[in-house]
Undergrad: 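What follows is a single structure, and I will ask about it in a moment.
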Protein chains: 2
Amino acid sequence: MNRKTPLKRVRTKQKRLSADDRRSEFVTKATELFAEEGFGGGTRALARKLGVTQPLLYRYFPSKDDLIKEVYRKVYLEPLEIGWERLLSDRSRPLRARLQEFYEVYTDAIFNRRWLRIYLYSGLKGLDINRWYVGMVKDKILTRILRECRHDAGLATQSRPSAAELELAWVFHGGIFYYGVRKYIYEAPVLEDKAQMISDALDIFLAGFERMAESATDRRRAPIKVVG
Amino acid sequence: MNRKTPLKRVRTKQKRLSADDRRSEFVTKATELFAEEGFGGGTRALARKLGVTQPLLYRYFPSKDDLIKEVYRKVYLEPLEIGWERLLSDRSRPLRARLQEFYEVYTDAIFNRRWLRIYLYSGLKGLDINRWYVGMVKDKILTRILRECRHDAGLATQSRPSAAELELAWVFHGGIFYYGVRKYIYEAPVLEDKAQMISDALDIFLAGFERMAESATDRRRAPIKVVG
DNA sequence: GGCTCAGTTTATCGAGCGATCACCAGAGAT
DNA sequence: ATCTCTGGTGATCGCTCGATAAACTGAGCC
């Protein structure tokens, strides 16, 4: 980043970084550590990863909790920088292609061990930022997708999607998300072709949406009694 | 359970349980504690929940890790007692009804804060038992479902499902699972009618399966090139 | 060269952790 | 009434944790 010293050759046994560099190094390595160990990971283990001593952390963060907050900020904001508004709503392209590309890009951003583990750990802590993220997925992704689907199907683009539509979208989204969990958290064998997986999931989601749109042209469809 | 003392009125300030009772009480309360706090939850906090002192734990478990293993056993084996073999494979009933009922019963068993949190925490620890469970879901649930689907569609009931079929089933299963996570972990608002959610998810899964079965009557279908 | 200031270390504190050991106490058998 | 067996307690050990305070050090400036 902004190293103050003008390009002096970096010594092999590097110490004495600039404040900004050291601070961001703490956040980066803390993300790695907490991803593996959970937020119970120790400040001494963190310092060891940087090759410094533990009290140095407290020159840059008043407490471990503040460091954790910084990690949250970094992790939760990272995947938001792909500009999905533009991607999802660009009606000059076919809907199917937009959805496919969006989910490929989105999953490229979040499908990695680091991101998923931090996300799950912080979700288990029940923090506000996690609720915020879930709400953001709903408002900025799923609602937008449903609006585009309704537009594509020639339906009224109502301001808010129905609960049933949202649930359909959530199950679809969750199914894709779970692919990442299986691969990077459970380290279970998955279909290697991620794009194919997205394509297949999209197939059934879009078919399901059409089916739902047909069976009730604008009202909530009657529930189908199935259970035996 | 098996209280030795013959029905003597339980004293309000109950102490001195039988060994079996005390032991299972430890496991039960430990499950609650670890579900909330993660496995970092303290033995003293656990003892406080039972109204006893902390060293008593070590009369019943040689170490905290052994207690945790017992918690795993309890949590992972609980939902297995619903007899899904019978439920899924009973071909005297229509496939759709079997699947609906299975997922209603299965989610009744695992969709609660305690189970889901323990499951996620232990998944993050990357233990063998978690991998075992995921493999069990694949072999005992998804593979079985796919076999029944193939039979229902008049296809050859091959011994093992194709990778694409399995992935389809996983996305479906994961989508349903994620409903529980949203409700009990993220405590986000969900469509309250769980049976309806399952029904909708089944609709699109079955439609997707038929679609996949059509486009390749017995061979792996050619991938659809979509990405823009 | 010596001053200064910011990045870093050494030493240490109090609290909480898992675990151990000697001891206590009360119900059941005799 | 007393003995015994076992469920339960009190005290404590060694360790790790997050956090603090004071001392050290080396690059930049005069």
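In what follows, chains carry the letters A, B, and so on, assigned in the order in which the sequence lines appear, proteins first and then strands, with residues in each chain numbered from 1.
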Undergrad: For A:Phe39 and D:dG18, what is the distance between atoms CZ and C1' respectively, to the nearest whole Å?
TA: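 One finds 17 Å between C1' of D:dG18 and CZ of A:Phe39, rounded.
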
Undergrad: Between B:Tyr178 and A:Phe177 (judged by ring centroids, cut-off 6.0 Å), do the two rings come close enough to count as a pair?
TA: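 Yes; A:Phe177 has its ring centre under 6.0 Å from that of B:Tyr178.
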
Undergrad: Separation of A:Leu57 atom CG from C:dG7 atom P, in whole Å?
TA: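 These atoms are roughly 15 Å apart.
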
Undergrad: To the nearest Å, give me how far apart CD1 (B:Ile68) and C1' (C:dA19) are.
TA: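 In whole Å, C:dA19 C1' and B:Ile68 CD1 are 14 Å from each other.
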
Undergrad: Taking atom P of C:dC13 as reference, at what distance in whole Å does atom OH of A:Tyr58 sit?
TA: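 Spelled out: OH on A:Tyr58 to P on C:dC13 is 17 Å.
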
Undergrad: Where do N or O atoms of nucleotides 8-12 of chain D meet protein N or O atoms at under 3.5 Å, pair by pair?
TA:
unit_1	atom_1	unit_2	atom_2	d
D:dG8	OP1	B:Arg16	N	2.7
D:dG8	OP1	B:Leu17	N	2.8
D:dG8	OP1	B:Arg22	NE	3.2
D:dG8	OP1	B:Arg22	NH2	2.6
D:dG8	OP2	B:Arg22	NE	3.1
D:dG8	OP2	B:Tyr60	OH	3.0
D:dG8	N7	B:Arg59	NE	3.1
D:dG8	O6	B:Arg59	NH2	2.4
D:dT9	OP1	B:Lys15	NZ	3.4
D:dT9	OP2	B:Thr53	N	2.9
D:dT9	OP2	B:Thr53	OG1	2.8

Undergrad: Determine, for B:Lys194 against B:Asp108, whether the closest basic-nitrogen to carboxylate-oxygen distance falls under 4.0 angstrom.
TA: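 Yes, B:Lys194 and B:Asp108 are salt-bridged.
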
Undergrad: I'd like to check the side chain to side chain contact (heavy atoms under 4.5 Å, CB included) partners of B:Tyr72; sequence neighbours left out, ordered by chain and number.
TA: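 B:Tyr72 satisfies side chain to side chain contact (heavy atoms under 4.5 Å, CB included) with B:Phe39, B:Ile68, B:Tyr76, B:Ser122, B:Lys125, B:Leu127, B:Ile129 once adjacent residues are dropped.
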
Undergrad: Got B:Tyr119 and B:Tyr133 here, is their nearest side-chain heavy-atom distance under 4.5 Å?
TA: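 Of all side-chain heavy-atom pairs linking B:Tyr133 with B:Tyr119, at least one is under 4.5 Å.
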
Undergrad: Output the rounded distance in Å from CG (B:Leu50) to P (D:dG7).
TA: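 Checked: the CG to P distance equals 15 Å.
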
Undergrad: Whole Å only: how far is the CZ atom of A:Arg48 from the C1' atom of D:dT16?
TA: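 The answer, rounded to whole Å, is 11 Å.
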
Undergrad: Measure the distance from CD on B:Glu37 to P on C:dG16 and round it to the nearest whole Å.
TA: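 Rounded to whole Å, this separation is 14 Å.
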
Undergrad: Just checking, any donor-acceptor pair under 3.5 angstrom between side chains of A:Thr143 and A:Lys138?
TA: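 A:Lys138 and A:Thr143 do not have a side-chain donor-acceptor pair below 3.5 Å.
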
Undergrad: Ring centroid separation for B:Tyr103 and B:His173, is it under 6.0 angstrom?
TA: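 Distance test on ring centres: under 6.0 Å, yes.
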
Undergrad: Could you state the NZ-P distance from A:Lys64 to C:dA15, rounded to the nearest angstrom?
TA: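 Those two atoms, NZ and P, are 19 Å apart.
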
